[in-house]
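In what follows, a structure is listed as structure tokens, so that the remarks can point back to it.
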Amino acid sequence: MEVRTRFAPSPTGFMHVGNLRTGLYAYLFAKQHGGTFILRIEDTDQGRYVEGATDAIFRTLKMAGIDYDEGPGKEKEGMIYVQSQRKALYKKYALELVEKGHAYYCFCQDRHVKDGGVGKYDKKCAHLSREEVQAHLDNGDPYVIRMRVPETDGVSEYDDMVYGHIAVAYKDMDDMIMLKSDGMPTYNFANVIDDHSMNITHILRGNEYLSSTPQYNLLYDFFGWQRPQYIHLAPIMRDHEHKLSKRYGDANFEDFVSKGYLPEAIVNYIALLGWSPKGNQEKLSMSDLIEQFSIDGLSQSPSIFDPVKMRWLNKEYITALSPEAFAEAARPFFAKSKAYGKYDEELIFKLLQPRLETLGDIPEMIDFVEEWDGYDLELFVHQKNKTDKDLAKTILTAALPVLENTPWDNDSILGALSELAPTLGVKKGAVLWCVRIAIAGRAVTPGGASEMAVLLGKETSLSRIKGSIVRL
RNA sequence: GGCCCCAUGGUCAAGUGGUUAAGACACCGCCCUUUCACGGCGGCCACCCGGGUUCGAAUCCCGGUGGGGUCACCA
């Protein structure tokens, strides 16, 4: 049987990586089985709809490299993939269940106000007579349609592919609302109808649905439909107590991209949160993921999102880029730097590529070429090189005339400074450290002393050394 | 509170009755590099607690504890 999975986000804002991961897994599972991956937009809550959110879903999926086979813009046989446009369908099915006695009209007006209390609906309208219902309807009273959970000692159970056997007693289930008074279906109901009508075989979703799934299964049973397989996913957490949420702005996929994370790296990283491959390889391309994804590699417990590890993976991806691809990816970020357009871009990129964790680090990494005044003189104090400010002054004073007479290329500068060291009775490292600090004014630079000197040019380098001597 | 789920180092995690309890990130140290980084090598660090079952338990069972989820005309 063909495997069909779906990703069903609701357009209520940007897409955070936890959400995206659910879509990713659904995609991987379908592709791995040569199946079909479907995108469905769940916009039944008109109140929470956010303008542009649907486009954000499309953009994010595209950047992430997740192609859907069916969905908005890729309709199959007249199927509609946007819930709000399927309204009529839900009502038809809801009434069918009313007819069968598995659902009923409810005219209670006060139940939708959350009173802080907990509990189930009291079934006040569950046993209204046909006449009473008709009277309300004739009167134009607003109503909702509720499912009728059997009032017996039964249990609804199923086997989840990651959590195993789940059972919930009827008495613990609520007569949930299927159709709201505005005529829109609730998520709970629309989901079942849609998943069935789109022939979804495997449902991947967050485990917050683990305990309500028996209720959905009841619906499948009422209709006489075959139940799908369930693959519930443990959440991605911000910390031990909090799930990743839209409020945690940093978890926004597009935000990460604009901060200089490569989409492939983000996708790779989130794939590893809650799933682990059989081997020890962690850098996995989309096709690796499709090949290696497996249900038994899914975790039942939550994972905490670790930005530090994602930075590391991002670095792996940046390093692996060809110089051309790196230049293309890096240029928009370099454009924000004060150095943009003033120095040898090719040289800068060559120095930068192996040292970056995110592209967004480019400006602060390279801005020293334009920002140098007033740096902290304590930088000259270095234990390993045994340097301090006095020694720095001595070294720089000696280095200045040497450099003035040195051809301005990497090897010459390095050679000249290396030869200078023994005449001063210090190690090469000490000379190079002091020169690098003097011309860059930073502890960390995208290259050594000679490379920075070449980048800055002879004139700037020498004037910075002079300036440093004066300050020392 | 009822119901459902979860529990291996700081973090991601392997592990499905017998292992010196993998690997990765982070951290620390050493080496390499005529300089910063990169890189290489090494180190530190874990089975929530208590009872069972068993010759033997991280692994199976029960009970605690802790955490998450759910109990909406939100998804």
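First the proteins, then the strands, lettered A, B, ... as listed; each starts at 1.
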Over-ring placement of Arg146(A) relative to Tyr121(A), 6.0 Å and 45° cut-offs: yes
Tell me whether the side-chain N/O atoms of [X] come closer than 4.0 Å to OP1 or OP2 in [N].
X         : N      : result
Ser212(A) : C4(B)  : no
Ser276(A) : A14(B) : yes
Gln300(A) : C6(B)  : yes
His240(A) : A7(B)  : no
Lys180(A) : A75(B) : yes
Lys309(A) : A13(B) : no

Kindly determine whether Phe349(A) and Phe326(A) satisfy ring pair (Phe, Tyr, Trp, His ring centres under 6.0 Å), including the steps that lead there. CA-CA 8 Å; Phe349(A) 283 176; Phe326(A) 175 79; 5.5 Å; yes
What does [X] touch in the nucleic acid at a heavy-atom separation under 4.0 angstrom: a base, only the sugar-phosphate, or nothing?
X         : result
Val144(A) : base
Asn191(A) : nothing
Arg436(A) : sugar-phosphate
Ser303(A) : sugar-phosphate
Tyr269(A) : nothing
Gly415(A) : nothing
Ser10(A)  : sugar-phosphate

Using residues 439-452 of chain A as the side-chain source, report each donor-acceptor pair under 3.5 Å to any protein atom, sequence neighbours left out, with the distance given to one decimal.
{"unit_1": "Arg442(A)", "atom_1": "NH1", "unit_2": "Glu364(A)", "atom_2": "O", "d": "2.5"}
{"unit_1": "Thr445(A)", "atom_1": "OG1", "unit_2": "Arg436(A)", "atom_2": "NH1", "d": "2.8"}
{"unit_1": "Thr445(A)", "atom_1": "OG1", "unit_2": "Gly447(A)", "atom_2": "O", "d": "2.7"}
{"unit_1": "Ser450(A)", "atom_1": "OG", "unit_2": "Asn410(A)", "atom_2": "OD1", "d": "2.8"}
{"unit_1": "Glu451(A)", "atom_1": "OE1", "unit_2": "Gly448(A)", "atom_2": "N", "d": "2.8"}

If the P atom of C32(B) is compared with that of C41(B), how far apart are they to the nearest Å?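 Nearest-Å result for C32(B) against C41(B) at atom P: 15 Å.
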Separation between the C1' atoms of G29(B) and G51(B), rounded to whole Å: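 Pairwise C1' distance, G29(B) against G51(B), rounds to 44 Å.
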Report the nucleotide, chosen from [options], that has the shortest atom-to-atom distance to any side-chain atom of [X].
X         : options                : value
Leu210(A) : G68(B), C4(B), A75(B)  : C4(B)
Ile177(A) : G39(B), C73(B), C25(B) : C73(B)
Glu316(A) : C6(B), G39(B), A24(B)  : G39(B)

With rounding to the nearest 0.5 Å, note down the distance linking OG1 in Thr22(A) to CE in Met15(A). 10.0 Å
Salt bridge (charged side-chain N to carboxylate O under 4.0 Å, His left out) partners for Arg21(A), two or more places apart: none
In whole Å, what is the span from the CG atom of Asn314(A) to the P atom of C25(B)?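 Going from CG in Asn314(A) over to P in C25(B) covers 15 Å.
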Grab the CG-P distance between Leu179(A) and C73(B) for me, whole Å please. 13 Å
